[in-house]
Amino acid sequence: ESPEWVEPMTFYPTLAEFKDLPKYVAHMESKGAHLAGIAKIVPPPQWQPSKKPKEQRYNPSEMKFKIENPLQQTIKPSPTIGAFESTSQRMPELSIEKFVKLATSHRYVTPAHQSYEDLEAQY
């Protein structure tokens, strides 16, 4: 017997609720969000991820720590229609700057698209 599909839930917290994220996650779980294994939280429009100007928030070349045990994940179709197989392999240590270069390389970057439907059609 296969498990029942649970539709992931989307939540829209207020700024006050968003400031106490652990409490809000407990609220989400009380609504059954955990049953799907994933949920979407849309931050309130007033929320800012940082007080720094946008151009100063994220500079990989300034991040001196390393990803000690990165995993390379491979996903391929399985014999079951609509299902996929996922395997992971440990890779050598990686700096954040090298990770960004890899993730934004032509091989891995998300293709240009006008909408999610357009993106889906490309795959």
Side-chain angles (χ1 to χ4, degrees):
E1 186 176 312
S2 62
E4 183 180 325
W5 168 257
V6 178
E7 187 71 28
M9 300 169 80
T10 301
F11 293 86
Y12 300 87
T14 65
L15 188 57
E17 291 170 328
F18 199 68
K19 285 182 179 181
D20 189 352
L21 200 52
K23 182 178 177 183
Y24 194 73
V25 169
H27 162 74
M28 293 168 54
E29 289 175 341
S30 77
K31 299 292 184 186
H34 62 291
L35 298 174
I38 189 169
K40 181 177 181 180
I41 302 173
V42 178
Q46 314 90 321
W47 178 75
Q48 292 295 315
S50 173
K51 293 183 193 264
K52 291 182 180 180
K54 203 170 196 173
E55 59 277 356
Q56 294 176 7
R57 289 184 197 159
Y58 179 72
N59 187 345
S61 62
E62 293 177 4
M63 297 178 180
K64 300 304 176 197
F65 61 92
K66 304 245 185 219
I67 304 171
E68 294 180 15
N69 296 302
L71 294 176
Q72 179 178 17
Q73 187 177 32
T74 304
I75 299 173
K76 62 182 182 178
S78 75
T80 304
I81 295 174
F84 297 87
E85 294 177 9
S86 173
T87 57
S88 297
Q89 177 181 346
R90 286 184 189 255
M91 302 301 288
E93 184 177 84
L94 197 59
S95 71
I96 298 298
E97 192 168 17
K98 285 183 180 177
F99 171 77
V100 170
K101 286 180 184 173
L102 179 65
T104 57
S105 69
H106 180 71
R107 180 174 180 182
Y108 296 108
V109 74
T110 304
H113 57 282
Q114 300 297 318
S115 66
Y116 287 121
E117 291 77 17
D118 177 33
L119 183 61
E120 181 71 23
Q122 292 185 47
Y123 286 99

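We use all heavy atoms of the structure for the numbers below, so side chains are in, but hydrogens, waters and symmetry mates are not.
Listed here is the closest heavy atom pair of Pro92 and Pro70: O-CG, 3.1 Å. Here the shortest heavy-atom pairing between Gln114 and Asp118 reads N-OD2, 2.8 Å. Listed here is the closest heavy atom pair of Pro8 and Ala36: CA-CB, 3.7 Å. What you find for Pro60 and Ile96 is that their closest heavy atoms are CB-CG2, 4.0 Å. Minimum interatomic distance between Ser30 and His27 (heavy atoms only, all atoms of both residues): OG-O, 2.6 Å.
With Ile41 as the fixed residue, the side-chain contact (heavy atoms from CB on, under 4.5 Å) test singles out one of Met9, Met28, Glu17: Met28. Remark: of the listed residues Tyr12, Trp47, Phe11, Trp47 is the sole one forming a ring-ring contact (aromatic ring centres under 6.0 Å, His included) with Phe18.
When side chains are defined from C-beta on, Leu102 does not count as touching Lys98, because their heavy atoms never get closer than 4.5 Å. Side chains of Glu85 and Pro79 form a contact here, defined as non-hydrogen atoms less than 4.5 Å apart.
Atom CD of residue Glu97 and atom CG of residue Leu94 lie 11.0 Å apart, to the nearest 0.5 angstrom. From Gln122, atom CD reaches atom CD of Glu117 across 12.0 Å, with rounding to the nearest 0.5 Å. Summarising the geometry, atom CG belonging to Leu35 is positioned 9.5 Å from atom CD belonging to Glu29; distances are rounded to the nearest 0.5 Å. To the nearest 0.5 Å, atom OG of residue Ser95 and atom NZ of residue Lys64 are 9.0 Å apart.
Cluster membership for Tyr108 and Val100, using ILVMFWY side-chain heavy atoms within less than 4.5 angstrom, is not shared. By the rule that hydrophobic residues join a cluster once side-chain heavy atoms approach within less than 4.5 Å of another member, Tyr24 and Val42 end up as members of separate clusters. Taking hydrophobic clusters as Ile, Leu, Val, Met, Phe, Trp and Tyr residues chained together by side-chain heavy-atom distances below 4.5 Å, Phe99 does not share a cluster with Met91.
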Steps toward side chain to side chain contact (heavy atoms under 4.5 Å, CB included) verdict (Leu71, Gln89): CA-CA 5 Å; Leu71 294 176; Gln89 177 181 346; over 6 Å; no
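Side chains of Ser86 and Gln73: a donor-acceptor N/O pair is present below 3.5 angstrom, by distance only.
For Ile75, the CD1 atom is densely surrounded, since the number of other residues' heavy atoms within 6.0 Å is greater than 12. Within a 6.0 Å sphere centred on CD of Glu68, other residues, nucleotides and ligands contribute 12 heavy atoms or fewer. Sparse packing is recorded around CD of Glu120, with 12 or fewer heavy atoms of other residues, nucleotides or ligands lying under 6.0 Å away.
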